[in-house]
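Order of the sequence lines fixes the chain letters, A, B, ..., with proteins taken first and strands second; residue numbering starts at 1 for each chain.
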Protein chains: 2
Amino acid sequence: MPHHILKDHDHNQCISSALRSAEDICLQRGIKLTQIRRQVLEIIWQGHQPSTAYDILDCLSQQQNKKVAPPTVYRALDFLLDNGLIHRLESMNAYIGCDAPTTPHQSCFLICSHCRSVAELHDMPIYAALAEEVRQEGFKAKGIMIEVKGVCADCVEQGQSA
Amino acid sequence: MPHHILKDHDHNQCISSALRSAEDICLQRGIKLTQIRRQVLEIIWQGHQPSTAYDILDCLSQQQNKKVAPPTVYRALDFLLDNGLIHRLESMNAYIGCDAPTTPHQSCFLICSHCRSVAELHDMPIYAALAEEVRQEGFKAKGIMIEVKGVCADCVEQGQSA
DNA sequence: TATAGTAGGTTACTATATAACATTTTGTGA
DNA sequence: TCACAAAATGTTATATAGTAACCTACTATA
Ligand SMILES: [Zn+2]
Ligand SMILES: [Zn+2]
Ligand SMILES: [Zn+2]
Ligand SMILES: [Zn+2]
């Protein structure tokens with residue numbers, strides 16, 4: 001992992017804040033952040049890079065010191081997705097923590113192909129514009145996915161181009 | 001397949017025009033539209049719904065009257081993708097014919113969850129705006145994916161909502 | 001404490017995609 | 001027209017992603 005991903009920010013802060021938000025949300029909604037769900041969320045928040053379901057599976061198996069089966073992970077992922085605690089990156093079959101789970105929002109993801117970090121942009125002006133253009137086509141949108149692949153600012157600065 | 005997908009348009013026209021474009025492009029670029037590539041393209045153009053790689057695999061196996069293996073299909077798909085003759089829908093692991101392969105463009109896909117038809121919108125104004133917003137983040141974009149799930153105009157008209 | 005609802009375990013399977021290496025076909029220059 | 005290299009395809013095996021179905025255990029609450 002390139003160093004800049006952790007520079008200029010206390011990532012333990014990211015993790016604990018994500019877990020705190022999750023607890024608040026679950027309390028508010030009367031749903032349960034069970035041990036497994038919490039563990040999966042914590043694993044996903046190990047970095048600002050996305051995790052695949054099988055990465056999580058391996059990690060969870062290690063933590064539990066026994067083989068965990070896919071459904072266990074997928075159920076936890078479904079729960080976290082349903083409650084907006086994580087997002088799924090369609091173009092990479094991977095999952096990433098949401099950095100604003102308490103406020104409803106539409107996201108655009110910037111995926112760096114060098115350091116694999118993912119940045120989540122919220123409610124960009126173009127979202128409304130896109131929704132409107134789509135509406136004018138007579139299309140009734142239920143979900144909009146925007147994912148941008150490229151090179152992040154830090155990697156560009158370091159002369160990366162892939 | 002709901003009827004409206006074929007109404008008001010001669011789909012044989014779509015197919016033959018797609019094949020003709022592909023031939024032109026290959027001629028121009030000095031690359032080859034081999035039998036397999038042509039067959040795969042034709043299979044993909046059987047409708048305005050996306051095909052999965054394994055749909056294509058089955059179809060191709062039938063046509064060739066012998067088992068075709070996955071790499072055969074994936075190689076053809078890679079060729080067609082590289083040359084802009086088809087697009088990949090990331091959110092459904094599926095492939096669809098490009099309706100304007102001769103002109104470079106950025107696309108936005110409207111995916112109907114009722115009739116499964118996919119419409120390709122080109123170079124919408126928001127594209128430039130999005131590119132600019134992303135650029136302002138210092139991010140160097142290489143590829144933008146926009147996919148919208150919802151219900152198409154025809155299905156809405158027929159009272160569908162899923 | 002019955003009992004309904006929710007969460008998790010287990011097994012088996014389906015779906016999507018690629019690696020690695022062999023063979024065939026095609027184009028090109030000697 | 002033969003030799004050779006490049007491109008395309010065949011073949012086998014495997015990696016990765018996700019789900020169905022059924023069972024067990026826990027939890028709330030009447
Ligand atoms: Zn962080
Ligand atoms: Zn978010
Ligand atoms: Zn058509
Ligand atoms: Zn196109």
Would you say a side-chain N or O of [X] is under 4.0 Å from OP1 or OP2 of [N]?
{"X": "B:Thr34", "N": "D:dT9", "value": "yes"}
{"X": "A:Tyr74", "N": "D:dT19", "value": "no"}
{"X": "A:Tyr95", "N": "D:dG18", "value": "yes"}
{"X": "B:Thr72", "N": "D:dG10", "value": "yes"}

- prompt: With A:Arg135, which of A:Glu133, A:Glu137, A:Glu132 fulfils salt bridge (charged side-chain N to carboxylate O under 4.0 Å, His left out)?
  reply: A:Glu132
Out of [options], whichever nucleotide has its closest atom nearest the side chain of [X]:
{"X": "A:Ala69", "options": "C:dT10, D:dT11, C:dT16", "result": "C:dT10"}
{"X": "B:Ile36", "options": "C:dG8, D:dT9, D:dT19", "result": "D:dT9"}
{"X": "B:Pro70", "options": "C:dT11, C:dG9, C:dA17", "result": "C:dA17"}
{"X": "A:Asn93", "options": "D:dA17, C:dT16, D:dT11", "result": "D:dA17"}

- request: Take atom CG of B:Leu77 and atom P of C:dT16, then tell me their distance rounded to the nearest Å.
  value: 12 Å
field: Whole-Å distance separating the CZ atom of A:Arg75 from the P atom of C:dT10
entry: 11 Å
task: Please answer whether C:dT16 and B:Tyr54 are stacked, defined here as ring centres separated by less than 5.5 Å and planes angled under 30°.
output: yes
message: Is there a path of hydrophobic side-chain contacts, each under 4.5 Å between heavy atoms of I/L/V/M/F/W/Y residues, joining B:Leu80 to B:Tyr74?
response: yes
message: Taking pairing as Watson-Crick or G-U wobble with both contacts under 3.5 Å, can you name the mate of D:dA30, or confirm there isn't one?
response: C:dT1
message: Angle between ring planes, A:His122 versus A:His105, binned at 30° and 60°: parallel, tilted or perpendicular?
response: tilted
query: Atom CG in B:Asn12, atom CH2 in B:Trp45: separation rounded to 0.5 Å?
result: 12.5 Å
